[in-house]
Amino acid sequence: MQVSKFGGASVKDANAVRNLVRIVEGLEKPLVVVISAMGKTTNAMEALVESYFSGNDAELKERFRNIIAYHEKIAKDLFGEVDIPELRPFYDCVESLSQRLEQQPSLHFDYEYDQIVSYGELFSTLLVNAYLKYSGIRTQWIDVRQILKTDDLYRNANVDWSLTNKLMAEAFTFEEVDVYVTQGFIGGTISNITTTLGREGSDYTAAIIGHVMDAERVTVWKDVPGVLNADPRIFPNAQKMDTLSYAETIELSYYGAQVIHPKTLKPLQNKQIPLYVKSFLNPDLPGTIIQQEGGNNNMPIYILRKNQVFLTLSPRDFSFITEGNLSEILAVFNEFHVRINLLQTSALNFTACVDNGRELMPLLEKLKEQLVVRYNDNVELLTIRHYTQSIIEEKLKGRTVIDSQITRINARFVIKTL
Ligand code: ADP
Ligand code: ASP
Ligand code: MG
């Protein structure tokens, strides 16, 4: 069997959904199709959670209406009308979200987030499944929360592999079914409470299913021709890489290349399942193949992480940074779930580059209890893999470099945002 994952851009409107159906028609069966929320729905859902949690009722209603209207327009464009039995499951799901929003939220933000944001994937899969069926494909919709089991670390849940193995093997039998349609990004605890795997986690879902089901291949369909040597939105001359190794791709996504979720590669590498990154706009082109062996011939790769904060921490008593206080500092980052993208230490300072997210301020408050904290919040982190001196000079021309870290393969620079 194979797994194909379609991201938000590939289901952003009715034409995109029609294109998806054409691609699915042409794919080898049996097949599991994993789908993300439509277009930018997850961002809209996050805004909905903010209104819900802050108790702003008028804003909540307005945001809810906009999300439903967006999906309803796609349904109308696909089916011509919306009052049809095929769309019943979708409307039941809308009703269920509406009822949830009527209730008072608990005090647990991450829990409430998962319960609400997950509707994006439920809506998209219900609509796309209805349209695949309507187009004559033998599909079955699966609620992934019943078979992809996780712990209860909301917004960043960890997979329970042994339970997931068992439940997926029981669910994906392909009896009188050619294509299962299911949600990326979301899962469920053993008590059937909804969880999510972290933003952009649908690629990871495809890899989990591929691993568990011993898929021949996993394909992620994107709006780019494959994995490029830079983000094309920032570096317009970015070139496609035909092949990459798992190891190189893990490094790229770890440093922040947004094209693939960092957790995607390991489950595939462990079973030597190839990952294809292909364009849903040009499905016949070969894309990028990621497998054990595969190189990019040392083509330089550029990764820019925007919206970073550069922190400098120093002991209050001007003592040295030691292994003892290092481990305490790192424990605080871990406690607040703030990932360090670049870390350096000197005798007197600990410096780190981190994402500028909602966890940052509580983290800084905690660090200030023991340390002098200084920060610069208008920076970006540029990583150049397989660099040369002339490439570094070219890329840094006119930029203010705040810190750098050079190893044999990577040259990394904290630079001021222009
Ligand atoms: P999905 O639709 O699966 O969520 P994403 O939008 O998350 O896909 O990822 C695809 C986008 O990633 C592309 O549109 C591109 O702008 C961006 N991107 C960033 N870095 C790269 C890269 N190195 N190669 C290809 N695309 C990249
Ligand atoms: N819809 C989720 C997100 O936007 C998951 C994904 O698209 O991979 O983060
Ligand atoms: Mg995405």
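Residue numbers run from 1 in the order of the sequence given. Since the model is a prediction, treat every value here as computed from it, not as a measurement. For ligands, and for the atoms within them, numbers begin at 1 and follow the listed sequence.
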At a 4.0 angstrom heavy-atom cut-off, ligand 1 is contacted by Lys5, Gly7, Gly8, Ala9, Glu200, Lys222, Asp223, Val224, Gly226, Val227, Leu228, Ala230, Asp231, Pro232, Arg233, Gln258, Val259
Nearest non-hydrogen protein atom to atom 7 (O) of ligand 2, with distance, is Ser36 OG, 3.3 Å
Per-atom filter on ligand 2: closer than 4.0 angstrom to a heavy atom of Arg199 are 3 (C), 4 (O), 9 (O)
Atoms of ligand 2 under 4.0 Å from any heavy atom of Ser202, numbered from 1 in the order shown, are 5 (C), 6 (C), 7 (O), 8 (O)
What about the rings of [X] and [Y], do their centers lie closer together than 6.0 Å?
X: Tyr180; Y: Phe174; value: yes
X: Tyr154; Y: Tyr113; value: no
X: Phe90; Y: Phe123; value: yes

Review point. Got more than 12 heavy atoms from elsewhere within 6.0 Å of CD, Glu176?
Key: no
Hey, is Asp178 close enough to Arg138 for a salt bridge, meaning N to O under 4.0 Å? yes
Establish, yes or no, whether the cationic atom of [X] lies under 6.0 Å from the six-membered ring centre of [Y] and within 45° of the ring axis.
X: Arg217; Y: Tyr276; value: yes
X: Arg358; Y: Phe109; value: yes
X: Lys222; Y: Phe280; value: no

With a 4.0 Å cut-off on heavy atoms, is His261 touching ligand 2? no
Contact between ligand 2 and Gly201 is defined here as a heavy atom of the residue under 4.0 Å from a ligand atom; is it met?
yes
From the list Lys306, Arg339, Arg305, salt bridge (Lys or Arg N to Asp or Glu O under 4.0 Å) with Asp355 holds only for Arg305
The Mg ion (ligand 3) -> Glu200, closest N, O or S atom is OE1
